[in-house]
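All of these numbers come straight from a predicted model, not from anything done at the bench. Residue numbers start from 1 in every chain, and the chains themselves are labelled A, B, ... in the order their sequence lines are given, proteins ahead of strands.
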There are 2 protein chains.
Amino acid sequence: MLSNPKIEEEKLDPRIKRTRKLIQRSFMDIIAEKGFQSISVQDVTARAGVNRATFYAHFPDKYALLDYSIGEAFRREIEQRMLNVCEFNLDNIRVLIVTVCEFIKNIHSHNSADVQYQTLAETQIRSQVYELILHWLEKIKTIKNCTVSRERAATATSWAIYGLAHQWAHEKQKSSAKTFADEVLPLIAANLGQTIKFP
Amino acid sequence: MLSNPKIEEEKLDPRIKRTRKLIQRSFMDIIAEKGFQSISVQDVTARAGVNRATFYAHFPDKYALLDYSIGEAFRREIEQRMLNVCEFNLDNIRVLIVTVCEFIKNIHSHNSADVQYQTLAETQIRSQVYELILHWLEKIKTIKNCTVSRERAATATSWAIYGLAHQWAHEKQKSSAKTFADEVLPLIAANLGQTIKFP
DNA sequence: TAAATTTGACAACAGTTGTTGCTTATCCAA
DNA sequence: TTGGATAAGCAACAACTGTTGTCAAATTTA
């Protein structure tokens, strides 16, 4: 994300861009119709009008396609909120928590019974959250003199944010994402407080 | 784990127990030989001497079998260290962190390139860690008067422990699990400190 | 502009998956 | 001990997966 895949993509052969867009659009359409578990590569390529062998030239399997698609969708959410170009403060942490909550809730509403879909989605989202937090922490100069590194703090924080958001998304009677973010902010701040000084 | 699957299993038809044991043993043997990704249900049932249709009567697919097997193996580690029958303190948290580290390291050494295997394993391990921590927290009476519930703290803590252990296991030059546990204990304690008072 | 390279389509192939209905073997309860 | 219930074996089936080598079309490069 911070090593922008978009720049790399701008150099791609137009056929590659067109083929992947066709595949991805059909993929997301069919997921909305029948869920990830029931989808087949055959389904996707028939809908996309792309040969199966071509699919395999771009993606090893449907899991890789999901990984790629979720990654792009979440990256778009982050960029839309300008989180990738702002700096660390508790308000931005709150916005990040809300973003993750809304994204997981959206996924959950379509594929709530599909654990595999959700665990695959998790990996992409958590990775991007980690990169973002680490990027923010690296820009801060007022670091505490202790053994907890930025990497450790970013790891604990990104996994905790994801876990809490995931728990929230699965609750039947849930508060708003913003209320929830306020509720859990002390936990997240406690993590980060091990490596930085809050004002 | 706290609703003991072992008791339920003792009531099972002996043929079911025997069949599952055969399947599981063959499964673990073949994983050691050629990794999870390359394994097929056909492989497992041929090795086990069990019909494929019988396999499907017990497990929907190889992912479910992995889930079950990892769950059993990790449960055994927890019970072996008596973590399920002891109470909350920082030493036991440290032992839990070490246990998770060693377990992930063991998995990683066999299937390091297999992300799917690792994300499936994660779900089982994290669940059990969550149940254990929540169980410990529920026994403590000295709870802080704040909005962070035991469930939230257990969630943040279990995800953070898993994330940190996973990061450690993937490092090429890593400290011992015990050294690592000491290093990250402040982070974990900071999470838990949001809902309980430390002595 | 033309040659070189890359991408995608195609058909064929071997292998695996997941299910089904029927039969046999094993276990349990009376 | 026996009959009923359950578990497992079996073969067949339709469908899908993943790969391969060849050819045509599209793009890039010189």
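As a whole-Å value, the separation of B:Ile16 CD1 from D:dA5 P is 17 Å. Rounded to an integer number of Å, the gap from B:Asn51 CG to C:dT23 P is 16 Å. Rounded to a whole Å, the CZ atom of A:Phe59 is 18 Å from the C1' atom of D:dT19. In this structure, the OH atom of A:Tyr63 is 11 Å from the C1' atom of D:dT17, given to the nearest Å. A:Ile39 has its CD1 atom 10 Å from the P atom of D:dT17, to the nearest Å. If you take CG of B:Asp61 and P of D:dA15, they are 21 Å apart, rounded to a whole angstrom. In this structure, the CD atom of B:Gln42 is 15 Å from the P atom of C:dT19, given to the nearest Å. Atom CZ of A:Arg18 and atom P of D:dA26 are 9 Å apart (whole Å).
Under the 4.5 Å side-chain heavy-atom criterion for ILVMFWY residues, no single connected hydrophobic cluster contains both B:Val115 and B:Leu120.
For B:Pro14, taking side-chain heavy atoms from C-beta onward, the closest of the listed nucleotides D:dT19, C:dT16, C:dC27 is C:dC27. Closest approach to the A:Arg15 side chain among C:dG18, C:dT20, C:dG8 is made by C:dG8 (side chain taken as heavy atoms from C-beta onward). With C:dT16, C:dG8, C:dC10 as the candidates, the nucleotide lying closest to the side chain of B:Ser40 is C:dT16. Out of C:dG8, C:dT19, D:dA8, the shortest distance to the side chain of B:Tyr56 is found at C:dT19. In this structure, of C:dC27, C:dA12, C:dT7, it is C:dC27 that holds the atom nearest to the side chain of B:Asp13.
The residues A:Glu102 and A:Arg81 are annotated as not salt-bridged, no charged nitrogen and carboxylate oxygen being separated by less than 4.0 angstrom. A:Arg47 has a carboxylate O that lies under 4.0 Å from a charged side-chain N of A:Glu33, or vice versa, which qualifies the two as a salt bridge.
A donor N or O paired with an acceptor N or O is not found under 3.5 Å between the base of D:dG9 and the side-chain atoms of B:Arg52.
Summarising the geometry of A:Lys174 relative to A:Ala169, their closest heavy-atom pair is NZ-O, 3.3 Å, with the distance given to 0.1 Å.
Phosphate proximity of D:dA7 to B:His58: absent, as no side-chain N or O sits under 4.0 Å from OP1 or OP2.
Between B:Phe36 and B:Tyr63, a ring centre-to-centre spacing shorter than 6.0 Å is recorded.
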